[in-house]
Amino acid sequence: METWTKVAHVSQIPIDGGGCVKVGEEQIAIFHYDNGEWYALQNRCPHQNQEVLSKGLLGDTQGEPKVACPMHKHTFSLKTGKHLGGNPCMHLKTYPLKIEEGVIWIDLSHNQALAA
Ligand code: FES
């Protein structure tokens with residue numbers, strides 16, 4: 001069952017940047033990529049369990065949008081949460097996201113984690 005939760009207004013997330021929202025005990029990083037796409041992933045970097053990914057730098061690798069952790073620069077796909085350094089134990093959960101009338105909604109019931 002879908003459980004869409006209103007988490008923020010689009011004006012709260014900078015273009016080509018991110019922001020963090022807390023839903024229950026979960027911190028979720030929301031990114032507004034400069035091509036207009038939006039992504040939601042866990043905010044916790046699995047490298048040292050720091051809640052910092054929303055402050056990461058955005059970029060791309062061969063067209064794959066990514067975020068680099070601000071701590072030690074591990075990179076992750078914004079689309080899939082995959083650790084782009086190839087460590088299957090460091091993939092991120094991703095969340096379905098939709099925008100309606102300027103409001104950002106996340107479906108917490110369908111977070112998706114890649115298999116390790
Ligand atoms: S805590 Fe993210 S790369 Fe080290």
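Numbering of ligands and ligand atoms starts at 1, following listing order. Positions are given from 1, in the same order as the sequence printed here.
Here the OG1 atom belonging to Thr94 is positioned 8.5 Å from the CG atom belonging to Leu92, to the nearest 0.5 angstrom.
Atoms of ligand 1 lying under 4.0 Å from any heavy atom of Cys45, numbered from 1 in the order shown and given with element: 1 (S), 2 (Fe), 3 (S). Short contacts between ligand 1 and Gln48, defined as distances under 4.0 Å to a heavy atom of the residue, involve ligand atoms 1 (S). For ligand 1, the atoms sitting less than 4.0 Å from at least one non-hydrogen atom of Cys69 are 1 (S), 2 (Fe), 3 (S), numbered in the order shown with element in parentheses.
If you check which protein heavy atom lies closest to atom 3 (S) of ligand 1, you get His74 CD2, 3.2 Å.
Heavy-atom contacts from other residues, nucleotides or ligands closer than 6.0 Å to CD1 of Ile99 number more than 12. Atom NZ of Lys55 is surrounded by 12 or fewer heavy atoms from other residues, nucleotides or ligands within 6.0 Å.
His72 has its closest N, O or S atom to atom 4 (Fe) of ligand 1 at the position named ND1.
Checked against a 6.0 Å centroid threshold, the rings of His47 and His74 count as neighbours.
When non-hydrogen atoms are compared, ligand 1 lies under 4.0 Å from the side chain of His47 (C-beta onward) but not from its backbone.
Note on Lys82 versus Glu64: no salt bridge recorded, every NZ/NE/NH1/NH2 to OD/OE distance being 4.0 Å or above.
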